[in-house]
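Take a look at the structure below.
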Amino acid sequence: MGTHDRPATGLDLGYARVSTTRQHLDRQLASLTDAGISDERIFVDQKSGATVDRPGLAALLAYARPGDTVLVHTLDRLGRNLREVLNLVHDLDEKGIGVRSLADPLPIDTAAEGMGRIAFLLLALFAEMERTFTAERAAHARGVAEAAGRRIGRPVAHADETIEYARLLKGQGASLGQIAAKTGIPKTSLHRYLRQG
């Protein structure tokens with residue numbers, strides 16, 4: 001995508017990004033296609049916005065010309081924090097390239113004057129605030145759980161007493177099969193637990 005000859009200026013160009021290979025681009029790509037952007041003008045990254053190396057974005061920036069508009073499903077696809085999004089939009093604006101989001105609750109078009117630009121700034125600010133609040137809520141929940149003596153994170157697969165019993169059996173010369181039968185711990189996990197002991 002995004003590597004064909006450039007026919008003209010004033011084009012709508014699409015950009016889509018997911019943070020991990022487990023996430024899917026389908027919704028973003030459908031949104032860009034519905035906006036009338038052809039596949040050869042859609043640029044894609046499947047890496048975190050915090051990652052410096054984003055070849056799709058680099059290709060988009062090399063392809064875009066004054067008068068073009070970069071369309072994204074939502075503004076947060078441009079970066080992982082407010083500063084990065086604002087810096088990119090500012091750089092594009094200085095080159096005469098607009099940015100438009102398709103699915104944000106406010107119609108964002110940085111090429112527009114007045115309210116369009118204000119709406120963009122407000123939405124970017126709200127997105128950053130929501131990320132901050134989400135991180136704070138998660139940290140608070142962890143603190144409350146730890147204060148209450150609850151374990152944070154993934155549940156423990158096997159109790160400490162069971163693992164200690166397995167180590168005792170190993171010390172007495174029991175085979176992995178015998179230990180697995182007596183403790184209910186699979187052999188694959190036993191290897192790890194007994195190495196740690």
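Note that the structure is predicted; figures quoted are calculated from it, not measured.
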CA sep, side-chain torsions, deciding dist, call: Val89, Leu86, side chain to side chain contact (heavy atoms under 4.5 Å, CB included): CA-CA 5 Å; Val89 170; Leu86 291 179; 5.6 Å; no
State whether the side chain of [X] and the backbone N or O of [Y] hold a donor-acceptor pair below 3.5 Å, judged by distance alone.
| X | Y | value |
| --- | --- | --- |
| Asp68 | Gly10 | yes |
| Asp45 | Gly56 | yes |
| Arg77 | Ala16 | no |
| Arg65 | Leu11 | no |

For [X], enumerate each residue passing the side chain to side chain contact (heavy atoms under 4.5 Å, CB included) test, keeping only those at least two apart in sequence or located in another chain.
| X | answer |
| --- | --- |
| Asn87 | Arg83 |
| Gln172 | Leu168, Leu169 |
| Ser31 | His73, Leu102 |
| Leu61 | Leu57, Leu88, Leu92 |

Qualifying residue for side chain to side chain contact (heavy atoms under 4.5 Å, CB included) with Leu32, from Ile37, Leu25, Asp12, Asp39: Ile37
Verdict with reasoning, Glu84 to Arg54, per salt bridge (charged side-chain N to carboxylate O under 4.0 Å, His left out): CA-CA 13 Å; Glu84 186 174 332; Arg54 286 195 274 165; 2.2 Å; yes
Contact summary for Asp76 and Arg17, nearest pair of heavy atoms: O-NH2, 2.8 Å
Nearest non-hydrogen partners of Ala64 and Ile97, listed with the distance: CB-CD1, 3.5 Å
Verdict with reasoning, Val70 to Arg100, per side chain to side chain contact (heavy atoms under 4.5 Å, CB included): CA-CA 6 Å; Val70 175; Arg100 187 156 54 102; over 6 Å; no
Beyond-backbone contact of Val72 with Ser101, side-chain heavy atoms, under 4.5 angstrom: yes
Note, Leu190 side chain near Lys170 side chain (heavy atom, < 4.5 Å): no
Stepwise side chain to side chain contact (heavy atoms under 4.5 Å, CB included) check, Glu164 with Glu161: CA-CA 5 Å; Glu164 283 305 315; Glu161 303 82 40; 5.6 Å; no
Nearest-0.5 Å distance, CG of residue Leu13 to CZ of residue Arg41: 7.5 Å
Please tabulate, for the side chains in residues 176-184, all donor-acceptor contacts under 3.5 angstrom to protein atoms that are two or more places apart in sequence or on a different chain.
residue : atom : partner : partner atom : Å
Gln178  : OE1  : Ser175  : N            : 2.8
Gln178  : OE1  : Ser175  : OG           : 3.4
Thr183  : OG1  : Ile179  : O            : 2.7
Thr183  : OG1  : Ile185  : N            : 3.2

Residues forming a salt bridge (charged side-chain N to carboxylate O under 4.0 Å, His left out) with Asp91, sequence neighbours excluded: none
